[in-house]
Visitor: 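Take this structure, written in structure tokens, and hold onto it; I'll ask about it next.
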Protein chains: 2
Amino acid sequence: MTTDPLTSDAEFVSARRSEIVGIAAELFAAKGYANTTVREIADAAGILSGSLYHHFDSKESMVEALLRDFLERIDARYRSVIANADDPVDALRELVHAAFGALATDRAAVAVMLNEYNLLVQYPRFAFLQDSVEESERLWVEVLETGMREGALRDDVPAAAVYRFLRDAIWVSVRWYRPDGPQRPDDVAEEYLTVLLSGLATPTTTGRTR
Amino acid sequence: MTTDPLTSDAEFVSARRSEIVGIAAELFAAKGYANTTVREIADAAGILSGSLYHHFDSKESMVEALLRDFLERIDARYRSVIANADDPVDALRELVHAAFGALATDRAAVAVMLNEYNLLVQYPRFAFLQDSVEESERLWVEVLETGMREGALRDDVPAAAVYRFLRDAIWVSVRWYRPDGPQRPDDVAEEYLTVLLSGLATPTTTGRTR
DNA sequence: GTCTATATTGAGATAGAC
DNA sequence: GTCTATCTCAATATAGAC
């Protein structure tokens, strides 16, 4: 028994392996998965490319480890937020905060998910990506539909359409959001929620707003 | 003089070349630029890979031709829309319609721009991408700021922040919008404008909306 | 304008010593 | 767990015939 006694054998992943996943994630996020070579990953980790294959059997395994871990955690976070919310509008607010929060805690994973989803999801090995995306959609849409049914949210735009606009605007912001800048993720979330919930038009705006 | 008499020598591009750019664009959009081989492009065009180099000196030249053409046209469209608008809210509405319209007319170019911008913009050859993106931002932000100054749009969220949310939600929709589906681009634009201008909350919504 | 044939490079991955 | 050395393959691009 050489593993940490607090960790079961089955779940044990070496610290070195996790470290390398993190290093690879940064490169995948910055340069794209296809444009990152295993030699670059090895360089960044301070070892030679052949040595990477002691930890992973392929480059695909690295990105798979990264995304499985991230998607598992964000799903758990969404469920926790929904379970603890007072009402649908509160749940929506907290979901938006949770999603923007991931820009700070899991920036690289979010970027990889955004940029490589379409490529990876084509392979059977990455079918879990689609499962996870569909499960998230189910959770968010359920919140939106409950809010619409209760009259707290407008119901003249389909919940699925609202969800798509929301999701896209939030995740793509990983391309411009700077974690070291003046804005905290919660600040960006509040700015977004202001426009989303109250709208951009003022009461005095003339002309159609619908 | 073998060129079309209606086209100046300087602007002449062979029909075959344009055709190949279109074929390459579909592949770049579907599989990603890095994952598309010149052999696949040649196959799709019905020729052998070596023959492609009669029309282009490199794979980069193909994507450059695609994006230069698209960005030039979308910029012209934005300027025309702004010049003909009655007021800033009208201009904003028409800009949103123009952008969603490009999903139908230039789907592949939009997808390539969205997916490959970060990669390509690193190379001096593609500096025009950043120029074009910055010019678009200038045009849109100017419209938003005018609307805020005139009191037609809320001014408690910075125009640049609103623009980023707008831009992201619109362009990323190329990932789920189906031109052959029931929704026309103008329908999607109206759905988006409804939420954007009037907000998701109903007047009866309790709790903070700001 | 396209084909045949090939040069050249760089990628992911492997085997076995240390 | 890392290094040395190398295999194998696929990619972009080129040269010249037709």
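Hydrogens, waters and symmetry mates are skipped; everything else that's a heavy atom, side chains included, is used.
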Visitor: Rounded to the nearest angstrom, tell me the gap between atom CG in B:N35 and atom P in C:dG12.
Guide: 12 Å

Visitor: Identify whether any heavy atom of B:I47 sits under 4.0 Å from a base atom; if not, whether one sits that close to sugar-phosphate; answer base, sugar-phosphate or nothing.
Guide: sugar-phosphate

Visitor: Could A:R68 and A:F128 be counted as a cation-pi pair, given that NZ or CZ must be under 6.0 Å from the ring centre and within 45° of the axis?
Guide: yes

Visitor: Taking only Lys NZ, Arg NE, NH1 and NH2, and the carboxylate oxygens of Asp or Glu, determine whether B:R164 and B:E137 approach each other closer than 4.0 Å.
Guide: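 No, B:R164 and B:E137 are not salt-bridged.
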
Visitor: Look at the side chain of B:Y53 and decide which nucleotide, out of C:dT4, C:dG12, D:dT12, has an atom nearest to it.
Guide: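 Of all the options, the side chain of B:Y53 is nearest to D:dT12.
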
Visitor: What's the closest nucleotide to the B:H54 side chain, out of C:dT14, C:dA11, C:dG1?
Guide: C:dG1

Visitor: Given atom CG of B:L48 and atom P of C:dC3, what is their separation to the nearest angstrom?
Guide: 4 Å

Visitor: Please report the distance, rounded to the nearest Å, between NE2 in B:H55 and C1' in C:dC3.
Guide: 13 Å

Visitor: Counting side-chain heavy atoms from C-beta on, which of D:dA13, D:dT2, C:dA13 comes nearest to A:S51?
Guide: D:dT2

Visitor: Charged N to carboxylate O below 4.0 Å: is that the case for B:D186 and B:R184?
Guide: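 B:R184 and B:D186: not salt-bridged.
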
Visitor: So if I take every side-chain heavy atom of B:S49 and compare against D:dT2, D:dA13, C:dG1, which nucleotide ends up nearest?
Guide: D:dA13

Visitor: Is the shortest side-chain N to carboxylate O distance from B:D106 to B:R73 below 4.0 Å?
Guide: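 Salt bridge: yes.
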
Visitor: If I take atom CD in residue A:E60 and atom P in nucleotide C:dG12, what distance separates them, rounded to the nearest angstrom?
Guide: 11 Å

Visitor: How long is the line joining CG of B:D57 and C1' of D:dA13, in whole Å?
Guide: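 The distance from CG of B:D57 to C1' of D:dA13 comes to 11 Å, rounded to the nearest Å.
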
Visitor: Quick one: label A:T36 by what it contacts on the DNA or RNA (base, sugar-phosphate, nothing), any heavy atom closer than 4.0 Å.
Guide: sugar-phosphate

Visitor: Establish, with yes or no, whether the OP1 or OP2 oxygen of C:dG1 is under 4.0 angstrom from a side-chain nitrogen or oxygen of B:R17.
Guide: no

Visitor: Could you state the CZ-P distance from A:F56 to C:dG12, rounded to the nearest angstrom?
Guide: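 Atom CZ in A:F56 sits about 14 Å away from atom P in C:dG12.
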
Visitor: What's the CG-P distance between A:L52 and C:dA11, to the nearest Å?
Guide: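 After rounding, the reported distance stands at 14 Å.
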
Visitor: Can we say B:R39 and B:D43 salt-bridge, meaning some charged N sits less than 4.0 Å from an Asp/Glu carboxylate O?
Guide: no

Visitor: How many whole angstroms separate atom CG of B:D43 from atom P of D:dT12?
Guide: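 The distance from CG of B:D43 to P of D:dT12 comes to 12 Å, rounded to the nearest Å.
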
Visitor: Using a cut-off of strictly less than 4.0 Å, decide whether B:R39 has a side-chain nitrogen or oxygen near OP1 or OP2 of D:dA13.
Guide: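 Looking at the OP1 and OP2 atoms of D:dA13, neither is under 4.0 Å from any side-chain N or O of B:R39.
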
